[in-house]
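Note that this is a predicted model, so its numbers are computed, not measured.
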Amino acid sequence: MSSLRNALPRRAHKERAQPQSRKKFGLLEKHKDYVIRAKAYHKKEESIRRLKEKAAFRNPDEFYFKMIKTKTVDGVHRLEGEANKYTQEELMLMKTQDIGYVLQKLQSERNKIEKLTTMLHSLDNNPSSRHVYFAEDREEAKEIKSQSGRKDALPDFDDIPDHIKRKTAASYRELEGRKKRVQELEKLYMDMSLHKELQKKGRKRKLREEEIVCPTSKAVYKWRSERKRTKQFARGFELMNEDDGCGNWKY
C-alpha cells in the first residue's frame with residue numbers, strides 16, 4: 001500500500017506568503033524563524049538574570065589583583081601594558097633577531113630581482129654570443145655573413161606566441177612588485193636599526209632643522225662622543241699598579 005500511495009499524485013502545499021497589506025514588514029515569519037528568535041531572547045534573558053543575581057550576592061569586601069591591574073576603556077576592561085616583562089638585554093636580543101629576519105628577506109628579494117632582470121634582459125637586447133667562421137674566398141665570406149645575419153635576427157614581436165607574451169608581461173609585473181617590496185623592506189630595516197640604536201646607552205639628542213646639513217623628513221639624532229678605555233690600556237694600568245712583594249706599590 002505504501003508504494004501505491006507514493007505512486008498517486010499529491011497536491012503541492014505552498015507556504016502562505018505575506019499579505020499585500022503587510023509587504024512593508026518583509027517576509028512572513030514562519031514557525032522555525034520564531035523558534036530561533038525565541039531561543040535567542042531567552043538566552044539573553046537568562047544571562048541578565050545571572051548577572052543580577054551575582055551582583056545581588058556580591059561580597060563588598062572581596063579583592064583580587066585584577067581590580068588594580070586593569071582599567072576601563074570605553075566600558076571594556078583592559079590589562080595594563082606589561083612593560084617590565086622583559087629585561088633590556090632580552091629586548092635588544094629580540095630586536096636584533098627581528099632586524100636579522102628583515103635583512104634576510106631583503107637579500108632574498110634582491111637575489112630574485114637579479115635573476116628576473118637577467119632573464120628578461122636577453123629578451124630586450126640582441127644576443128651577445130659571437131661565432132668565428134672561416135671562408136676560402138670573398139664570395140664564401142659574403143654568403144656566410146648573410147646566413148649568420150638571418151640566423152641572429154630577433155623575431156618580430158608580432159610573431160611571438162600569445163602565451164609567451166603573457167608570461168613576459170607577468171614577469172615584468174612580478175619584477176615591479178619585487179622592486180617595490182625591496183624599497184619597503186629597506187625603509188623598515190632603516191627604521192628598526194635606528195630604533196635599536198636609540199635603545200642603547202649613551203647621551204643623544206635630536207637635531208633641529210637648522211642643524212641638519214642635508215634636509216630630510218626623518219628625525220636625525222646625534223650622539224655625544226665618549227672616550228672608552230680599551231682592554232689593552234686597562235690591562236697595562238693593572239700591571240703598572242702591582243705590588244713588588246715587599247709591600248711597596250709601584251705606579
Should we say atom CG of Asp74 is surrounded by more than 12 heavy atoms from elsewhere, each under 6.0 Å from it? no
From the list Arg178, Lys179, Arg173, side chain to side chain contact (heavy atoms under 4.5 Å, CB included) partner of Leu175 resolves to Lys179
Notebook entry, point to check: How are the rings of Tyr34 and His31 set relative to one another: parallel (under 30°), tilted (30 to 60°) or perpendicular (over 60°)?
Noted result: tilted
With side-chain contact (heavy atoms from CB on, under 4.5 Å) as the criterion, how do Glu62 and Arg58 come out once you've worked through the C-alpha distance, each side chain's angles and the decisive distance to 0.1 Å? CA-CA 8 Å; Glu62 68 176 336; Arg58 182 181 66 86; 3.3 Å; yes
Hits for side chain to side chain donor-acceptor pair (under 3.5 Å) against Lys196, two or more places apart or cross-chain, chain-then-number order -> Thr96
Scanning both residues in full, the closest heavy-atom pair of Ser171 with Met119 reads OG-CE, 4.1 Å
Sorted by chain and number, sequence neighbours left out, side-chain contact (heavy atoms from CB on, under 4.5 Å) with Gln20 holds for Lys23
Worksheet item: Below 4.0 angstrom, N of the basic side chain to O of the carboxylate: do Glu53 and Arg49 qualify?
Response: yes
Value for CD1 (Ile48) from NZ (Lys43), rounded to nearest 0.5 Å, stands at 13.0 Å
d(Asp191 CG, Ile99 CD1) to nearest 0.5 Å is 10.5 Å
Using modelled atom types only, decide if a donor and an acceptor are shared between the side chain of Asp33 and the backbone of Lys30 within a distance under 3.5 Å.
-> yes
Inset, instruction - Identify whether Tyr101 and Met190 are in the same connected component of the hydrophobic contact network (ILVMFWY, side-chain heavy atoms under 4.5 Å). - result: no
| said: Between Arg181 and Glu176, does any side-chain N to carboxylate O distance fall below 4.0 Å? | reply: no
Nearest heavy-atom approach of Val102 to Leu185 is CG1-O, 4.0 Å
Heavy atoms of Leu106 and Glu186 approach each other most closely as CD1-CG, 3.7 Å
>> Set out, in order, the CA-CA distance, both residues' side-chain angles and the distance that settles salt bridge (charged side-chain N to carboxylate O under 4.0 Å, His left out) for Lys105 and Glu109, then state yes or no.
In response: CA-CA 6 Å; Lys105 299 299 291 184; Glu109 290 294 330; 5.5 Å; no
Residues Leu28 and Arg16: closest non-hydrogen pair is CD2-O, 3.4 Å
Does Arg37 pair with Glu29 as a salt bridge, N-O distance under 4.0 Å? yes
query: Do any N or O atoms from the side chain of Ser108 and from the backbone of Gln104 form a donor-acceptor pair under 3.5 angstrom?
result: no
dist Glu184:CD -> Leu188:CG (nearest 0.5 Å) comes out at 9.5 Å
